[in-house]
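Taking it in order: structure first as structure tokens, then the write-up.
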Amino acid sequence: MSTTRPLNVGLIGLGTVGSQVAERMLSWGPQLSRRAGVELCLKRVLVRDLTKRRSIEVAADLLTTDPSAILDDRSIEVVIEVAGGDEPMRSYIERAILAGKHVITANKVVMAKHGPELLDQAAGKNVDVYFEAAVGGGIPLISTFRMDLQANKIERVSAVINGTTNYVLGRMASGSTMTDAIREAQEAGYAEADPTDDIGGFDAAYKLAILGSIAYEIKVRPDEIYREGIEGVEPVDFRYARELGFAIKLIAHTQRHPGRVEARVHPAMIPLDHPLARVEGAENAVFVEGDLVGQVLLVGQGAGGRPTASAVVGDLIDLARSIRRGVQSRPSFSFDDRIGVIPIGEVKTRAYYRIRVDDRAGVLAAIGQVFAEEGVSISSFIQKDAWSHDQTAELVVTTHPSLDASLQRARERMAQLEPVRTVSSFLRVF
Ligand code: NAP
Ligand code: HSE
């Protein structure tokens, strides 16, 4: 190990992720320092509540509720932000950068919304911003794009990238209610502070914005990404999906098209033999296609304190090595402003509809006519359940690939048909 002075680190956040980062730094210090080539010293830890009981013991004099104790301490060279949310964390990260500190963050909200600007500021101050933990928990994704796949033109990325929804969908497929499954995900530490961020697909959209921006070197803004959450998925959809040979997953997908990219997050039916269909629990999987490398699948724990701390502390070791050697080992980012995201209506996809109808003659013809007029070709059409008490039946229709706008219009027009009680479910088929 070198004999240089220790590298002082300020930690913002001591929750699910922060406590695991602190634990690894405090209990495995010599090993980390040997790998980093410099002693790593946890100097201050910013929290909201000094009296809170913690899962890890941290010396009382390390804890503070004053952000200046980290951001204005000139001896602190690296700030690790694992608190979460947009403000005040965006401002704290900016303050750290402007003060000449390097930053490591797990904050996908800040990186998705403000990443390109913060990275520009960091380049101007000759400091680095690492954010491996912001996407895919412990799976090495950012470094894979930034380093190992640099030689490629990335064509598409499809991913199961939110551990909470994957856990919840898996539990629902085995008969749990969505409410129970969300509570379990919260107890396991997978869910965001507000689990609506997970269930509504916001978290996945933030992560896709980050991945898309890095993969294509463009600015993919989260509000440009088409987003639907899993709220509308019902237990019966899992039964139909299985019968049709599919699993249901929240999919984040981006694909290159001439001059534009496709970027969308929504629940989807995935063929059971697709690698993304086999991703279980809080696991994440990212399927990348590059023009040189072909297909690459990265799988691992996408949520939870320990896997996420693995990414954060890995960033710290890499950064510490660069700082002490005085070289930046990673290429900097540049973003092309001219390429935008395709509106969802112009994307081609397949769909699954579950429709409750009056069980009488002529219904199929009426539904078939709507699809025909919208130019949507039907792939399968089944009638499973019928209820004699109200003379209704359930139809399940899947389509061949069509423009998403046509699929949506067909959904709206069918809902208006007199014998249709409700279009209970609409899922895209991958
Ligand atoms: P968490 O358990 O809620 O912990 C947040 C921590 O930040 C707490 O210690 C809290 O202090 C502190 N904090 C929050 N706001 C603060 C403020 N304004 N000033 C000072 N301290 C503040 O969150 P988490 O699950 O560890 O997640 C942290 C970050 O990692 C988020 O960006 C999240 O999206 C990301 N992430 C989480 C996971 C995961 O599986 N949990 C995985 C990947 C990435 P108190 O303890 O005093 O309340
Ligand atoms: N809430 C996130 C998830 C944590 O469930 O995937 C990891 O980013």
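Counting starts at 1 for both ligands and their atoms, in listed order. Bear in mind the structure is a predicted one, so any value in this text is a computation, not a measurement.
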Arg146 and Glu132, any side-chain heavy atoms less than 4.5 Å apart: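 A side-chain contact under 4.5 Å is absent here.
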Beyond-backbone contact of Tyr167 with Glu184, side-chain heavy atoms, under 4.5 angstrom: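 Result yes, sub-4.5 Å side-chain heavy-atom pair found.
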Give one line per pair: atom of ligand 1, protein atom, distance. Only N/O to N/O under 3.5 Å.
| residue | atom | partner | partner atom | Å |
| --- | --- | --- | --- | --- |
| ligand 1 | 2 (O) | Thr16 | N | 2.9 |
| ligand 1 | 2 (O) | Thr16 | OG1 | 3.2 |
| ligand 1 | 9 (O) | Leu14 | N | 2.8 |
| ligand 1 | 9 (O) | Gly15 | N | 3.1 |
| ligand 1 | 11 (O) | Arg48 | N | 3.4 |
| ligand 1 | 26 (O) | Thr16 | N | 3.2 |
| ligand 1 | 26 (O) | Val17 | N | 2.8 |
| ligand 1 | 34 (O) | Lys108 | NZ | 2.9 |
| ligand 1 | 34 (O) | Glu192 | OE1 | 2.9 |
| ligand 1 | 34 (O) | Glu192 | OE2 | 3.4 |
| ligand 1 | 40 (O) | Gly189 | O | 3.4 |
| ligand 1 | 40 (O) | Gly304 | N | 2.5 |
| ligand 1 | 41 (N) | Gly189 | O | 3.1 |
| ligand 1 | 46 (O) | Lys52 | NZ | 3.0 |
| ligand 1 | 46 (O) | Arg54 | NH1 | 2.6 |
| ligand 1 | 46 (O) | Arg54 | NH2 | 3.4 |
| ligand 1 | 47 (O) | Arg48 | N | 2.9 |
| ligand 1 | 47 (O) | Asp49 | N | 2.9 |
| ligand 1 | 47 (O) | Arg54 | NH2 | 3.0 |
| ligand 1 | 48 (O) | Arg48 | NE | 3.2 |
| ligand 1 | 48 (O) | Arg48 | NH2 | 3.0 |
| ligand 1 | 48 (O) | Lys52 | NZ | 2.8 |

Residues Arg338, Asp336: salt bridge by 4.0 Å N-O rule: yes
Salt-bridge present (Glu77, Lys101; N to O < 4.0 Å):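 So Glu77 does not pair with Lys101 through a salt bridge.
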Close-range residues for ligand 2, whose non-hydrogen atoms fall below the 4.0 Å threshold: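 If the criterion is a heavy atom under 4.0 Å, then ligand 2 touches Lys108, Asn162, Gly163, Thr164, Tyr190, Ala191, Glu192, Asp198, Asp203, Lys207, Gly302, Ala303.
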With His102 via ring pair (Phe, Tyr, Trp, His ring centres under 6.0 Å) - residues at least two apart: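 Listed in chain order: nothing, the list is empty.
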When the side chains of residues 228-235 are checked against the rest of the protein, which donor-acceptor pairs come out under 3.5 Å, sequence neighbours left out?
| residue | atom | partner | partner atom | Å |
| --- | --- | --- | --- | --- |
| Glu228 | OE2 | Tyr226 | OH | 2.4 |
| Glu228 | OE2 | Arg428 | NH1 | 3.0 |

Worked check of salt bridge (Lys or Arg N to Asp or Glu O under 4.0 Å) between Asp273 and Arg278: CA-CA 8 Å; Asp273 59 359; Arg278 293 193 287 269; over 6 Å; no
Between Asn107 and Glu81: side-chain donor-acceptor atoms closer than 3.5 Å: yes
Whether Phe333 and Phe131 hold their rings parallel, tilted or perpendicular, with breakpoints at 30° and 60°: tilted
